[in-house]
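Accompanying notes for the structure given below.
Chain identifiers are assigned alphabetically (A, B, ...) following the order of the sequence lines, protein sequences preceding nucleic acid strands; residue numbering begins at 1 within each chain. Since this is a predicted model, take the numbers as computed values, not measurements.
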There are 2 protein chains.
Amino acid sequence: MPRTTAPRRSSIGDVARLAGVSVGTVSNVLNRPDRVAQATRDRVLDAIQRLSFVPNASARQLRAGTITTVGAIVLDIRNPFFTEAARGVEDRLALADHTLMLASSDDDPEREARYLRLFEEHGVSGLLVVPTGDDLGPLLALAGRGVHTVLLDMPSPTDAISSVAVDDVAGGRMAGEHLLDLGHREILMLNGPHAIRQCRDRLAGLHRAVERRGLDPDVVVREVRIPSLDAGGAATAFAALLDEDPAPRAVFCVNDLVAVGVQREIRRRRPELLGRTAIVGYDDIEIAAELATPLTSVRQPAYEVGYRAADLLLSRDADGNPVRDHVVFQPELVVRSSSVLA
Amino acid sequence: MPRTTAPRRSSIGDVARLAGVSVGTVSNVLNRPDRVAQATRDRVLDAIQRLSFVPNASARQLRAGTITTVGAIVLDIRNPFFTEAARGVEDRLALADHTLMLASSDDDPEREARYLRLFEEHGVSGLLVVPTGDDLGPLLALAGRGVHTVLLDMPSPTDAISSVAVDDVAGGRMAGEHLLDLGHREILMLNGPHAIRQCRDRLAGLHRAVERRGLDPDVVVREVRIPSLDAGGAATAFAALLDEDPAPRAVFCVNDLVAVGVQREIRRRRPELLGRTAIVGYDDIEIAAELATPLTSVRQPAYEVGYRAADLLLSRDADGNPVRDHVVFQPELVVRSSSVLA
DNA sequence: GTGAAAGCGCTAACAG
DNA sequence: CTGTTAGCGCTTTCAC
């Protein structure tokens with residue numbers, strides 16, 4: 001059959017033949033050039049050039065066990081937090097000539113399981129995972145089989161698995177302290193479902209801030225939960241609150257999109273409240289500083305999270321064993337005009 | 001030395017031994033279960049379970065040539081267009097149980113070359129690339145060596161390489177026609193450097209729209225180029241234009257971030273012009289609909305670009321050869337209130 | 001300094 | 001239906 005097969009990739013053997021040496025020597029040129037005489041080495045390098053030889057990573061991995069691939073599973077690659085973290089991962093891996101296999105689980109345990117499997121088959125040297133749900137069973141099993149695993153954006157409950165996360169309680173506390181410092185004694189939190197750990201933690205942080213001031217959270221804090229964490233859902237939910245008397249004067253939003261929805265609804269329905277309602281968001285998305293009313297927000301060091309996680313994955317201790325650690329980054333409050341009223 | 005080595009991953013041989021069959025049979029259970037008797041199959045599957053056996057993808061790839069990895073190099077994974085496209089790629093690959101190796105070149109040809117190399121070593125079954133610069137030399141060389149390559153977001157100048165792109169000229173034309181339809185006869189384009197093809201094409205599209213109306217682009221269109229395509233840079237550049245008399249009444253921005261900067265500057269310096277300046281952006285970023293003045297924008301089908309590109313990579317013709325094609329998607333104008341004045 | 005040869009884990013003939 | 005075996009491309013002793 002005249003099936004035009006791609007010309008087989010040239011192998012180390014082809015190079016050896018062309019250079020008139022043995023395969024072992026070619027391998028040495030590749031891996032321990034100093035063990036090879038100058039003249040031979042040049043001849044081999046020339047042959048490599050001429051054949052456009054590219055070593056076969058699979059063969060190398062099979063024989064030498066050298067692995068230069070790391071897997072990462074995030075909930076959704078479109079989420080800017082994960083994208084930023086992924087970039088941190090990538091940059092750290094690049095320093096070690098490793099490459100990243102990236103996948104989105106969509107918060108679906110089955111998808112997650114599929115990718116875990118695929119990555120394990122590929123023999124990745126390590127795995128970065130933002131787990132779906134709270135069942136770490138599959139991950140622990142994987143770790144037990146020797147795959148070095150780092151939890152991303154979630155504190156690990158066990159020492160068997162490392163983790164790199166951001167302190168959401170601290171973030172909530174920062175937002176709370178800021179609003180309290182501004183004199184507010186009634187704080188509305190527009191929160192998401194408590195099934196999401198981040199939502200719980202940020203609220204807990206807000207409570208903590210209030211308590212530290214010697215105040216009663218039950219009096220100061222009011223939580224309103226919205227099902228969908230976007231601007232539209234937030235605007236709808238906030239519309240009702242705007243009709244109350246008095247309307248909220250201080251709002252802590254569980255993320256920036258929610259804050260954008262709140263701002264928009266105020267502008268639309270009660271523009272006179274524009275400079276009179278303090279708003280704090282979370283995430284510090286790129287556009288936060290560029291809004292009509294620049295948004296005060298809690299910034300998470302996403303890039304650093306990824307970078308550090310990758311670093312952990314590549315690290316070995318003195319005995320050559322993977323290093324396990326639990327890293328927690330602190331967020332940072334970025335104050336802009338949405339919270340500091342005229 | 002008590003170096004705690006990870007327990008070697010169990011192999012097909014271990015499974016065979018435990019099940020009391022030969023490796024060939026195990027392989028058959030894995031790849032052609034129907035060729036194996038029920039009883040034997042069950043015994044093997046049981047052994048696989050007990051040993052938590054996971055096949056070694058490297059070995060399989062080496063022996064069978066079966067490759068389930070695709071590489072993608074974008075300029076920066078943080079760019080939402082690429083992220084969205086990457087998600088499309090991922091979803092298409094998932095259907096075929098393939099995985100994605102993703103990398104950012106930072107528009108740096110050296111970084112690009114490094115990743116091309118890495119991916120080639122890994123023997124990826126195909127490559128998706130948003131090329132840095134215009135030198136396709138390295139990519140052509142790669143394609144020549146049999147690596148199926150698809151250009152992302154750039155029309156391929158050669159049939160040796162496929163491409164999936166979005167028609168930027170059409171996008172510029174849509175923006176232009178929209179503004180012309182609204183009666184504008186003086187259109188300002190806030191553009192980026194002409195070194196960027198997208199910037200050139202979108203301007204060309206605007207010109208095209210004007211010409212189609214029988215008007216003279218030199219009269220109707222005024223282009224102002226800004227070096228940095230973000231809200232801050234745009235605001236600065238636009239400040240000067242706002243002082244002119246008359247101030248611009250119709251602005252086509254080369255991307256949404258630029259449009260956000262323009263909106264902000266108007267609101268800050270000449271709020272009385274707020275409802276009197278038509279603004280059109282490009283990209284339709286998530287926040288576009290949520291802004292104080294929802295932004296009219298040209299939407300690019302990023303997800304579809306990625307999905308289709310991956311699809312092309314996986315496609316084979318009747319002879320089993322990779323399919324080459326040049327796909328161009330059309331953008332879509334999303335009209336919101338920033339352009340349609342009261 | 002170089003070559004010969006074994007073997008990593010797996011698939012695909014082929015024999016029985 | 002199942003077992004045996006060659007070999008994918010490479011690294012790594014071990015001789016010479």
Rounded to whole angstroms, how far apart are [atom1] on [X] and [atom2] on [N]?
| X | N | atom1 | atom2 | result |
| --- | --- | --- | --- | --- |
| A:Phe53 | D:dG9 | CZ | P | 10 Å |
| A:Ile48 | D:dG9 | CD1 | C1' | 14 Å |
| B:Gln61 | C:dT11 | CD | C1' | 14 Å |
| B:Asn56 | D:dC10 | CG | C1' | 14 Å |
| B:His122 | D:dC8 | NE2 | P | 22 Å |
| A:Ile67 | C:dC8 | CD1 | P | 16 Å |
| A:Ile12 | D:dT12 | CD1 | C1' | 11 Å |

Can a donor-acceptor pair be found between the side chains of A:Gln198 and A:Asp153 at a distance below 3.5 Å?
->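 Present: a donor and an acceptor within the cut-off.
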
SB check B:Arg117 A:Asp97 (cutoff 4.0 Å) |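 No.
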
Inspect the contact between B:Arg87 and A:Asp76 and indicate whether a charged nitrogen and a carboxylate oxygen are less than 4.0 angstrom apart.
->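 Between B:Arg87 and A:Asp76 there is a salt bridge, with a charged N closer than 4.0 Å to a carboxylate O.
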
Using modelled atom types and a 3.5 Å cut-off, is there a donor and acceptor pairing between side-chain atoms of [X] and backbone atoms of [Y]?
| X | Y | value |
| --- | --- | --- |
| B:Glu90 | A:Leu102 | no |
| A:Thr149 | A:Val147 | yes |
| A:Ser104 | A:Ile77 | yes |
| A:Arg9 | A:Pro55 | yes |

Quick check for you: among [options], whose closest atom lies nearest to any side-chain atom of [X]?
| X | options | answer |
| --- | --- | --- |
| B:Ala64 | C:dT2, C:dT11, D:dG3 | C:dT11 |
| B:Leu62 | C:dC10, D:dC8, D:dC10 | D:dC8 |
| B:Asn28 | C:dT11, D:dT2, C:dG3 | D:dT2 |
| B:Val21 | C:dT11, D:dG3, C:dC10 | D:dG3 |

Does A:Arg63 have a side-chain nitrogen or oxygen under 4.0 Å from the phosphate oxygens OP1 or OP2 of D:dG9?
->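 Answer no for this pair, as no side-chain N or O of A:Arg63 is under 4.0 Å from OP1 or OP2.
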
Under 4.0 angstrom between B:Ser22 side-chain N/O and D:dT4 OP1 or OP2 |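 B:Ser22 to D:dT4 OP1/OP2: no side-chain N or O under 4.0 Å.
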
Using heavy atoms and a sub-4.0 Å distance, could you list which residues of residues 30-40 of chain B are near DNA chain C? By number, please.
->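 Those residues are B:Asn31, B:Arg32.
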
